[in-house]
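The structure under discussion appears below in the form of structure tokens.
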Amino acid sequence: MRYSPTLVDHFLHPRNAGLMREPDAVGEDEYAGCGDLARFFLRVREGRAAEVRFQTYGCGPTIAAASAGSELAAGRAVTDLAELGAQEIEHALEGLPEDRKHAADVVAGALRAAARDYLGRRNGDREGGAGNV
Amino acid sequence: MRYSPTLVDHFLHPRNAGLMREPDAVGEDEYAGCGDLARFFLRVREGRAAEVRFQTYGCGPTIAAASAGSELAAGRAVTDLAELGAQEIEHALEGLPEDRKHAADVVAGALRAAARDYLGRRNGDREGGAGNV
Amino acid sequence: MSRHVYLDHNASTPVHPEALAEMLPYFSEVYGNASSVHAFGREAREALDRGRERIAASLRVKPDEIVFTSGGTESDNFAIKGVALARGRGHVITTQIEHHAVLRAVEWLETQGFTATYLPVDSYGMLDPDEVARAIRPDTILISVMGANSEVGTVQPLAAIGAIARAHGVPFHVDAVQTFGKVPMDVVAMGIDLLSCSGHKIYGPKGIAALYVRKGTKMVAIQHGGEHERRRRAGTENVAGVVGFARAVEIRARDMAEEAVRVGALRDRLWQGIRERVPEVRLNGHPTQRLPGTANLVYRGVESESIVLGLDLKGIAVSAGSACTSGSVEPSYVLVAMGIPVEWAMGSVRHSLGRSTTAEDIDYVIESVVPLVARLRTSLPVGAA
Amino acid sequence: MSRHVYLDHNASTPVHPEALAEMLPYFSEVYGNASSVHAFGREAREALDRGRERIAASLRVKPDEIVFTSGGTESDNFAIKGVALARGRGHVITTQIEHHAVLRAVEWLETQGFTATYLPVDSYGMLDPDEVARAIRPDTILISVMGANSEVGTVQPLAAIGAIARAHGVPFHVDAVQTFGKVPMDVVAMGIDLLSCSGHKIYGPKGIAALYVRKGTKMVAIQHGGEHERRRRAGTENVAGVVGFARAVEIRARDMAEEAVRVGALRDRLWQGIRERVPEVRLNGHPTQRLPGTANLVYRGVESESIVLGLDLKGIAVSAGSACTSGSVEPSYVLVAMGIPVEWAMGSVRHSLGRSTTAEDIDYVIESVVPLVARLRTSLPVGAA
Ligand SMILES: Cc1ncc(COP(=O)(O)O)c(C=O)c1O
Ligand SMILES: Cc1ncc(COP(=O)(O)O)c(C=O)c1O
């Protein structure tokens, strides 16, 4: 098999797939030139990702990467997720073939975007609040 | 085998090969661009080839063609040999591959040359004689 | 994964056991070089000549009109570049849905100062012969149209195109790699001047193919060296390959009609089974002018590669219309040329049936694909968000 | 004709039984297209990758520096045209004694506006590296020199030539079709940038070969189509061929040194046996820098083809240095380049020994050739007339 058993397992049984109602943050990334797309929803409690859900469109590795990404993001500090690297996703999948590295890229990108969306909103609140002080 | 059993037999056991002392006629032909060469010697009695010998240099089919040519020339009228066609040689060998047709050409050419050499010498004699009348 | 179902016969096929059996002596027993004049060489030459005659007979052409090559790609390259380079310059007509072996060869000619027209096709993948007639210019030197498309199976109106080519005195090349041995062809009646066909698509070995070149067609060699193949293609001849190819061709000629009916019925069973149970699926290609064993399906909103992977994990081999290699995916250029919307075209899956395919195989594929598509769609609906 | 003696191993060889055995499953069992992503394709891909690794290991290079092709001729064409067309114009250096696959490819480049120098060799068929150095010009884009000559077996001073090429920054191609697997080679130490090698000359199958392309060598594909072989050579890969080739290469690596000694001794026995009993015979080629199994003899005044035929009728396969095809014979261009007089060169006969050759074979050849040459000479002495 080209793909690790872990990747295959995520593909066959994706964790945390689907929409989230009223998320605290949403982030999306698309792989340039490629149709692959991932979107993550975060529910944040005390600066941590309490709940993570995703939607994705793409080849098997992208689906698996999104599932693995949702698992490793859960419980993590949002500030931490804002700097998430693709290698961590790839590591969680026990490797990716050279021509499928974009699966990790697009998922890491979407998670970072969601985290930054949250941090941006909070900053916006604070800034807004600061104006009222 | 590419070659007929008759051809192979002539190649393995060439008839009438070798020099002739004091022949009545000699003829030679060479295949243009190809190293193949045949030379025929005739001893003529009453307008017929009483004895035929040849020398040749060339590939197997040329050697065989010379041998076959020497056999079919023996006993023939020299005027007849002066018009000998390559097809007759080829026929005597039971065929030649397309790329070895030159074997028959060069042998027929050498036999014609020998016959014409004889006829030329005789004409020379007669013309010389006529001047004396 | 206990079950194995191979529905990728348009990619490659197993060598027919009879073809393999006939090839075997030509590896270690009859091993002479067919150019050698001694007995070992002549034995090889005889097998080669005989192979040429057998393939020529099946195409109903003359043996010396067959040139052996190393594959469909080489045959296509040879036909296109060989004719074009013999002219030096001019205009080539082809279609937007050719195999890359043709497209890239024509594109290369464009870099060498030739010009080219890539004709569109309709939504069935069919070329309109009138388009060909309109595209012909005084400097047109070649028309190259595939016999049948490998992705969707649409069979082109070759006879009509051939008649136009003949009327204009333009050489006509047909890439018949997916056509020869699958649907009836009459090379002469169709006015074909050059025809590519290949071993491994029709149960012959990989690494051997042929180009038919009608006598009198002006072309030059593109692989230079010794004087093999009547100086048209240099290189020691692959005798075992030719023998296996020849046998495979004969077997196809024998079995083609019967197989077409059997495989066509299985393909219909597949399509019926899926359309009844999966919403938003469509079948691409022409309803009647098509290869019997090819079913190209698209599932809206689902990416093909995830279906290929899902089925692969069930032991089923199909192929994605669009392949994401080296990071760049396009929807299949064939489907795009047919005007299939991109969100559909990204989800195309080709099933190509063959000799070994059974009704049980088909039912297993249907059983496997239905929940797979459902899962891929329901849990991962980006479009719906 | 009861006895069969094959002394034409430079023309082609039987597939080694171990190589054939390893190939067999890749015809009808593992038949996927190596470009397909499903399990059937991956199995084929693994065999292909593994084959590439095995051949790379034997050459001590990296697997992705190996490109598979259909034969030595294609490898030579690809190396020469691929490098030249990447540059667009320039000057190519080669020798007068290359195989036609190289000569004709370089000649073709000349028709495309490139220039070429064909270097002479000495009377042993040896190229002087200084000649190479002197021929290099600012616009020289390629040096192509064969590893060993197929007719006379002379092995060229590759390391010296490679050093010169490297010093001038000119890519160095070696046609090693007759060299690889027969004499030790060190691709990297010899400064070789491109190396052609082929299956059927070393007990692998016909129809498969490779080109080593050192990483960083600038070249373009010449066979266009799909993205196989890292976009360097389009076309479905011949998996069975690669597997058989890889095994053959490994066997050669294992047996080469021992075989060289054994076969070299048999060749000496042949030459001694003949020279003692036949007047006016000479051995062509280099006394020490040579392939172990090649003996090129010339018999003064006798035409080679009649010897080939005479031996053929005894079941012995040898080859003529000069071949009279399509009506035109030249003496071997290799012998002419070596300065062998024409009346000698027309009588050259190549004996190429191999794995199966025995001392009995050699004695039988000597016994057969002695009376044959005598008969051809005594009964048919044109020169003497
Ligand atoms: C229509 C068509 N032409 C050409 C080819 C090229 O054949 P190959 O990859 O065997 O060289 C193929 C197969 O992939 C094909 O389907
Ligand atoms: C030195 C050399 N180069 C190239 C070739 C061409 O190989 P092939 O005929 O297998 O394509 C040969 C074999 O004939 C050869 O001896």
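Just the heavy atoms: all of them, side chains too, but no hydrogens, waters or symmetry mates, feed the values below. Lettering of chains follows the sequences in order, A, B, ..., and the numbering in each one begins at 1.
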**Segment of C:Leu20 engaging chain D (4.5 angstrom heavy-atom cut-off)** = side chain
**Asked** What part of C:Ala317 gets closer than 4.5 Å to chain D, counting heavy atoms only: side chain, backbone, both or neither?
**Response** both
**Item:** chain C contact via D:Ile222 - side chain, backbone, both or neither, heavy atoms under 4.5 Å
**Value:** backbone
**Item:** For chain D, the option from C:His224, C:His100, C:Gln223 that forms the most heavy-atom pairs under 4.5 Å
**Value:** C:His224
**Message:** Donor-acceptor check, side chain of C:Lys201 to backbone of C:Asn10, threshold 3.5 angstrom: yes or no?
**Reply:** yes
**Prompt:** Can you find a pair of side-chain heavy atoms, one from D:Gln178 and one from D:Asn149, that are under 4.5 Å apart?
**Reply:** no
**Request:** Go through D:His228 and D:Thr236 one step at a time and tell me if the side-chain hydrogen bond (donor to acceptor under 3.5 Å, both in side chains) criterion holds.
**Result:** CA-CA 7 Å; D:His228 310 84; D:Thr236 298; 4.5 Å; no
**Asked** If only atom types and distance count, is the side chain of D:Tyr6 paired as donor or acceptor with the main-chain N or O of C:Tyr31 below 3.5 Å?
**Response** no
**Fill in**
Of all heavy-atom pairs linking D:Ala39 and C:Asp312, the shortest is N-OD1, 2.9 Å
**Message:** Counting heavy-atom pairs closer than 4.5 Å to chain C, which one of D:Met23, D:His16, D:Lys81, D:Glu29 comes out on top?
**Reply:** D:Lys81
**Request:** Examine whether an atom of D:Val106 lies under 4.5 Å from a heavy atom of chain C, and if so say whether it belongs to the side chain, the backbone or both; otherwise answer neither.
**Result:** neither
**Request:** Answer with side chain, backbone, both or neither: which region of D:Ser35 has an atom nearer than 4.5 Å to a non-hydrogen atom of chain C?
**Result:** neither
**Message:** Walk me through whether D:Ser352 and D:His9 qualify under side-chain hydrogen bond (donor to acceptor under 3.5 Å, both in side chains).
**Reply:** CA-CA 5 Å; D:Ser352 47; D:His9 289 83; 5.2 Å; no
**Asked** Do you know which of D:Val239, D:Val15, D:Val318, D:Thr69 has the most heavy-atom pairs under 4.5 Å to chain C?
**Response** D:Val15
**Item:** Interface moiety of C:Glu107 toward chain D, non-hydrogen atoms closer than 4.5 Å
**Value:** neither
**Item:** Short side-chain to backbone donor-acceptor contact, D:Ser12 and C:Gly32, under 3.5 Å
**Value:** no
**Asked** Under the side-chain hydrogen bond (donor to acceptor under 3.5 Å, both in side chains) criterion, do D:His99 and D:Asp175 qualify, and how do the steps go?
**Response** CA-CA 8 Å; D:His99 190 269; D:Asp175 174 355; 5.3 Å; no
**Prompt:** What residue in C:Pro205, C:Gly72, C:Ala101 has the most heavy-atom pairs under 4.5 Å with chain D?
**Reply:** C:Ala101
**Prompt:** Checking C:Val308 against chain D: side chain, backbone, both or neither under 4.5 Å from a heavy atom?
**Reply:** side chain
**Prompt:** Is it true that the NZ or CZ of D:Arg233 lies under 6.0 Å from the centre of D:Phe78's six-membered ring and within 45 degrees of the ring axis?
**Reply:** no
**Asked** Which atoms of C:Val102 come close to chain D, meaning under 4.5 Å heavy atom to heavy atom: side chain ones, backbone ones, both, or neither?
**Response** neither
**Asked** Do you know which two heavy atoms are closest between D:Phe114 and D:Gly88, and how far apart they sit?
**Response** CZ-O, 3.3 Å
**Prompt:** With only heavy atoms counted, which part of D:His200 is less than 4.5 Å from chain C, the side chain, the backbone, both or neither?
**Reply:** side chain
**Complete:** The interface call for C:Phe40 against chain D, heavy-atom contacts under 4.5 Å, is side chain
**Message:** Report which part of D:Val220 has an atom under 4.5 Å of a heavy atom belonging to chain C: side chain, backbone, both, or neither.
**Reply:** neither
**Message:** Donor-acceptor check, side chain of D:Ser332 to backbone of D:Val334, threshold 3.5 angstrom: yes or no?
**Reply:** yes
**Heavy-atom proximity to chain D below 4.5 Å, by part of C:Ile208** = neither
**Message:** If we define contacts as heavy-atom pairs under 4.5 Å, which of D:Asn238, D:Val37, D:Leu103 has the most with chain C?
**Reply:** D:Asn238
**Asked** Heavy-atom distance under 4.5 Å to chain C: side chain of D:Ala11, backbone, both or neither?
**Response** both
**Message:** Quick check on C:Val242 against chain D: is it the side chain, the backbone, both or neither that has a heavy atom closer than 4.5 Å?
**Reply:** neither
**Item:** Closest-packed option against chain D by number of heavy-atom pairs under 4.5 Å, given C:Glu74, C:Lys206, C:Glu237
**Value:** C:Lys206
**Prompt:** If only atom types and distance count, is the side chain of D:Tyr118 paired as donor or acceptor with the main-chain N or O of D:Glu98 below 3.5 Å?
**Reply:** no
**Prompt:** Of the backbone (N, CA, C, O) and the side chain (C-beta and beyond), which part of C:Thr13 lies under 4.5 Å from a heavy atom of chain D, both, or neither?
**Reply:** backbone
**Prompt:** Between the main-chain N or O of C:Arg350 and the side-chain N or O of C:Glu151, is there a donor-acceptor pair closer than 3.5 Å?
**Reply:** no
